[in-house]
Amino acid sequence: MTSRCSDDGTALILGISSSTPTSSLDVALGTLTARRYLALGRTSLWWMSPYWGCPGNTDDAVPAETQFLLLQLEDGSCALLLPLLDSGKFRATLRNSTQHTNSKSTAALGMRVESGAATITATDFSSALYIAAGIDPYELIARGVAAAASLSGTAKPRTSKSVPPIADKFLWCTWDAYYSTISAEGVKLGLAALVAGGTPPKGVIIDDGWQVTDVDPMYRREKEQYPLLSRTAAATAAADRGGRFD
């Protein structure tokens, strides 16, 4: 395990390594000590959900696929742990783990670094985890997200983006009202209800969910026993089963 200071000297960048090339590596980081924490863990292929807990409680283990962890420390200050994208090919996440010391097994915070493909391997992951601390959690998060975006190299924080004018307008998205059963009549009814309630929207987002990219039955080859399954469709099926898709 390696560590280095961030370029601005306000954070620690943690790295890990393997003796042999691997596409997935798990390590135990140590016992999590804090008053309480807020974790954002991936609950499906596309979404994250918040989880609150207190280290030490049996039922408060950090969820798998955690991509954001904010701790309130014993002295009242805060610490932020952000898993990173290493070299653009490997993704780190936090999770509950087991630490073995003096022939005893105790709960610990673990980290996994993976490429998602057995053919993409490496031995060194020098930028796997961003760790910083501060008094103000809002300032800490803003600083950490900006640093993580720069280190991962795949995104920009909101503070460095311009907000489009449409953000100042009230829009209605049909998803929470109709999900995938949206219809023209449903859109009319929804708009009428909003107008009657005194909140007429300035625009409508028609959202019928994730598109199915499989080949429609009528266009499949005549002798094809199983339909072609795209990566998106396969991922959806895996998520529905509570599994993961590589």
Side-chain angles (χ1 to χ4, degrees), residues 1-30 38-50 62-71 79-97 109-133 140-164 210-211 213 229-239 243-246:
M1 194 172 294
T2 62
S3 63
R4 71 178 191 276
C5 288
S6 60
D7 292 340
D8 61 4
T10 63
L12 189 69
I13 312 301
L14 195 67
I16 58 176
S17 61
S18 171
S19 57
T20 58
T22 181
S23 61
S24 179
L25 181 62
D26 286 282
V27 296
L29 300 176
L38 165 63
L40 297 180
R42 198 170 73 159
T43 51
S44 69
L45 187 66
W46 299 280
W47 308 118
M48 292 191 301
S49 295
V62 172
E65 297 281 327
T66 289
Q67 301 179 111
F68 170 101
L69 185 60
L70 179 66
L71 309 173
L80 179 66
L81 283 70
L82 295 176
L84 303 171
L85 293 178
D86 186 272
S87 70
K89 297 180 179 179
F90 291 85
R91 179 179 68 97
T93 56
L94 300 172
R95 62 195 57 231
N96 193 42
S97 182
L109 179 66
M111 179 172 65
R112 173 175 294 176
V113 178
E114 58 186 338
S115 67
T119 56
I120 300 178
T121 63
T123 56
D124 296 306
F125 313 95
S126 59
S127 299
L129 183 65
Y130 171 94
I131 305 173
L140 178 62
I141 292 172
R143 171 163 48 94
V145 168
S150 177
L151 288 164
S152 294
T154 58
K156 293 182 179 180
R158 181 183 56 79
T159 52
S160 65
K161 299 178 182 178
S162 59
V163 180
W210 295 96
Q211 293 182 346
T213 56
L229 193 61
S230 69
R231 185 174 182 85
T232 301
T236 302
R244 61 187 302 275
F245 177 73
D246 294 330

Do Thr93 and Arg91 have side-chain N/O donor and acceptor atoms under 3.5 Å apart? no
side-chain contact (heavy atoms from CB on, under 4.5 Å) partners of [X], counting only residues at least two apart:
X	result
Arg4	Ile13, Ser126, Ser127, Leu151
Ile120	Lys89, Phe90, Ser115, Ala117
Ala147	Tyr130
Pro164	Ile166

Using the test side chain to side chain donor-acceptor pair (under 3.5 Å), find all partners of Thr10 that sit at least two apart in sequence or belong to another chain. Asp8, Arg143
Can you list every pair that meets side-chain hydrogen bond (donor to acceptor under 3.5 Å, both in side chains) and has a residue in residues 17-30, with sequence neighbours left out? Asp26-Arg112
Steps toward side chain to side chain contact (heavy atoms under 4.5 Å, CB included) verdict (Phe68, Leu94): CA-CA 8 Å; Phe68 170 101; Leu94 300 172; over 6 Å; no
Nearest 0.5 Å, what's the [atom1]-[atom2] distance between [X] and [Y]?
X	Y	atom1	atom2	result
Leu29	Leu109	CG	CG	5.0 Å
Thr123	Ile16	OG1	CD1	11.0 Å
Leu129	Met1	CG	CE	9.0 Å
Leu25	Met111	CG	CE	8.0 Å
Leu81	Leu71	CG	CG	6.0 Å

Taking all atoms of both residues into account, what is the closest heavy-atom pair of [X] and [Y], and its distance?
X	Y	result
Asp86	Asp124	OD1-O, 4.1 Å
Leu69	Ala39	CD1-CB, 3.8 Å
Val113	Ala128	CG2-CB, 4.1 Å

With no hydrogens and no angle check, is any side-chain donor or acceptor of [X] less than 3.5 Å from a backbone partner on [Y]?
X	Y	value
Ser97	Gly110	no
Thr66	Val62	no
Ser160	Pro157	yes

Can Met48 and Leu40 be said to form a side chain to side chain contact (heavy atoms under 4.5 Å, CB included), step by step? CA-CA 6 Å; Met48 292 191 301; Leu40 297 180; 4.1 Å; yes
Given Leu80 and Leu82, is the side chain to side chain contact (heavy atoms under 4.5 Å, CB included) satisfied, shown in steps? CA-CA 7 Å; Leu80 179 66; Leu82 295 176; 3.8 Å; yes
